[in-house]
Amino acid sequence: MKESPVFVRKFEYLRRQDVASVGGKNSSLGEMISTLAGRGITVPSGFATTADTYWYYLEANQIRDKVGKLIADWQSGKASLPEAGKEIRNQFLRGDWPKDAADAIKSAYRELSETAKAKDLSVAVRSSATAEDLPDASFAGQQETFLNIRGEQALLNACRRCYASLFTDRAISYRQTRGFDHMKVALSIGVQQMVRSDRGGSGVMFSIDTESGFNKIVLINAAWGLGENVVQGAVDPDEYQVFKPLLTSPDCVPIVEKKRGEKDIKMIYGDEHMPVRNVPTSKHERASFVLNDVEILQLARWAVIIEQHYGCAMDIEWAKDGCTDQLFVVQARPETVQARREAGVFKTYKVGKKGRVLISGLSVGEAAVSGRLCLIESAKDIDKFIDGSILVTETTDPDWVPIMKRAAAIITDHGGRTSHAAIVSRELGVPAVVGARNATYLLHTGQDATVSCAEGDEGFVYEGKAEITTKELDVASISSTRTKIMLNLANPAAAYRWWRLPADGIGLARMEFVISNHIQVHPMALVRFDRLKDEEAVKKITSLTQGYPDKPEYFVDKLARGLACLCAAVYPKPAIIRLSDFKTNEYANLIGGAEFEPKEENPMLGFRGASRYYSPRYKEGFALECKALKRLREDMGFTNAVVMVPFCRTVGEAAKVLQVMADHGLKRGENGLQVYVMCEIPSNVIMAGEFTKYFDGFSIGSNDLTQLTLGVDRDSSELADLFDEQDKAVKWMISTVIAESNKAGRKIGLCGQAPSNHPEFAAFLVGCGITSISVSPDSFLEVKKHVFSSENGKAI
């Protein structure tokens, strides 16, 4: 007599090697419960039906052969995919549960309810295919999940619907494309105790940066209510980024990014007819972060533990119980996109001659593409999509995958980096701008546009077809050099793109870029907000600083986190951060800045750089810069941050600036703090020996040094022929300061494009004994080659 199959297995008895029996999702849940509970990771209890139960259901209802025939009819062209898929699903939905299988499921459910001390426990019913969550195939969102299911009959009905979802049109199409035999893939069903995240929050996290593959970041998305809205991209979630290497330090809070999402709806429990439903969030919920810092760090530590256990980057779903405030992991699977990326080679995109910005959102991928827009507002109109055009829609779900494959790029109104649109776009290698809010309102079919995801974590849609150039960098071909080759980086949002480059750190990070692009407000306008006369500035500052009762804290928080992203990209190598070096006219252009800046005839040589930091006119603003740097180094843990003073005219001024910094807790030499100075004024060269007593290093700003040495305005078209960084006078200046620096045992570098444009200039610097050369990332490879040739006596 044939033995009855094992219908149900509890999660705690499952391991990751049980994929063939219970699928990737359920085997992973069992793995975490049985092996990671001791490390503090909490996973809700539950059980899984087995693959044998699936085949048993097919045989009992005599539908196996029917399913095989319908698939064959579709493959041979006798039936369309919608016709075959619908009939297969109906076969499952009309089937009856064999009594022994139904009894096993009901018994396991009763036991789960009794353990939880609840009658008819609310459970999540999730599909887990036996070919799912493999390292080379994600099957993201292919099968159905049913939430807040209560009662034995409702559970059996949900399980039946899970079986039917193995043959949705999208699932059939995906398996066919991936070469999986439809009749060899079974479905397991996970039945898991619900976390009351309807009263709390939930979301998704990745143990790497999803766009660049940067492996030192945990990316967390969070929204109020149940997590389906985040996965489906129906809501714009909060986004947090945590730097993994500093998580082991108990005194550090390495949260390098916190962005508050709109979170305009949340999914909550419904009734027996509609188990879950969406409702609008309150103003307070929209204005608040879902997670506090302690919770963000706890989730990030869990992500690291899970990643270490599985030995690969992970995609993890989490939930927070609103009744107990307890956090749970409810799913974990291998990340499948960056895992397949070729490590040695990556392509960079540059967008030139671009039109005005039409909309912006979160960038997915690092590419740029021009094309014609095709607006599709409903899945019912998918057949109207024009192949090769740029898809514009509100949001996507797995039904959209067939046309997403045919799109040149994708733009959505809603969603975060872990939404369906983002995950599938990444997997397809198609650039996408998600969470653009009003794309379907502002854009129209037939419009020419350029989608750029090549400018950092913000994606832009430009009017018209821009000029797009690409360059391929082969990291494997780069030889090591004695002279350190560093990067000039300013935009924190783009910093992670370059983590694969074997750079020796950041040679120049311009603080003013972070201030103008991420903060936008003049620091003195925040310090003296109550006294501002400009009503329009007051209105803008009030909007920007929402959530910051203390206005100056907005500046400190934003600046510290922006700089942290730059430091993280090269950690533990040095990141040299230049203090703010706006000119007065540039400071005046910041929000609220006009009230605090004098009007100067020649701002280039005016109230800028070091002279501002001890001046009564700006010293309160400089105090905020120092506070941000102190937080960056001490609270967040980025001790690789090196501070650099720009436009320091005299040795006396150097002493004043160092004293002001020390007064604000940034004392040179304490906690490893190094302070550099820009060498961009002839006096820096003439008095170099004296300057070495105050600073740990120099960075030659070749543009300003050339301008002031030759007396030539670098922006003057009439004098363009005279502006030459390779002029003998400029070279004398450079060689002299390098010699003085080396004599004193100080480091000295040069930041500028000259070594990129002129190989012989790179050779000159190497011959002088320069410590480092700092260049833009796209010039890194060429300069590295020039320096290698110079160091090895080869002709350039």
Can you name the residues that form a ring pair (Phe, Tyr, Trp, His ring centres under 6.0 Å) with Trp498, not counting sequence neighbours? none

Sequence neighbours left out, what pairs pass side chain to side chain donor-acceptor pair (under 3.5 Å) with at least one residue falling in residues 198-209? Arg196-Asp198, Ser207-Glu307, Asp209-Ser212

Side chain to side chain donor-acceptor pair (under 3.5 Å) pairs touching residues 225-238, sequence neighbours excluded, are Asn229-Asn278, Asp238-Tyr240, Asp238-Lys263

Glu535: which residues meet the side chain to side chain contact (heavy atoms under 4.5 Å, CB included) condition with it, sequence neighbours left out? none

Please list, chain by chain and in numerical order, all residues satisfying ring pair (Phe, Tyr, Trp, His ring centres under 6.0 Å) with Phe146, sequence neighbours excluded. none

Would you mind listing every side chain to side chain donor-acceptor pair (under 3.5 Å) that reaches into residues 372-384, with sequence neighbours excluded? Arg372-Asp448

Residue pairs involving residues 292-301 (criterion side chain to side chain donor-acceptor pair (under 3.5 Å); sequence neighbours excluded): Lys258-Asp293, Glu295-Lys320

Please enumerate all residues that pass side chain to side chain contact (heavy atoms under 4.5 Å, CB included) together with Thr445, with sequence neighbours excluded. Leu375

For Tyr462, what residues pass the ring pair (Phe, Tyr, Trp, His ring centres under 6.0 Å) criterion, not counting sequence neighbours? Phe460

Hits for side chain to side chain contact (heavy atoms under 4.5 Å, CB included) against Leu442, two or more places apart or cross-chain, chain-then-number order -> Ile359, Asn438

Excluding sequence neighbours, so at least two apart, what forms salt bridge (Lys or Arg N to Asp or Glu O under 4.0 Å) with Asp271? none

All ring pair (Phe, Tyr, Trp, His ring centres under 6.0 Å) counterparts of Tyr587, not counting sequence neighbours: His522, Phe582, Tyr618

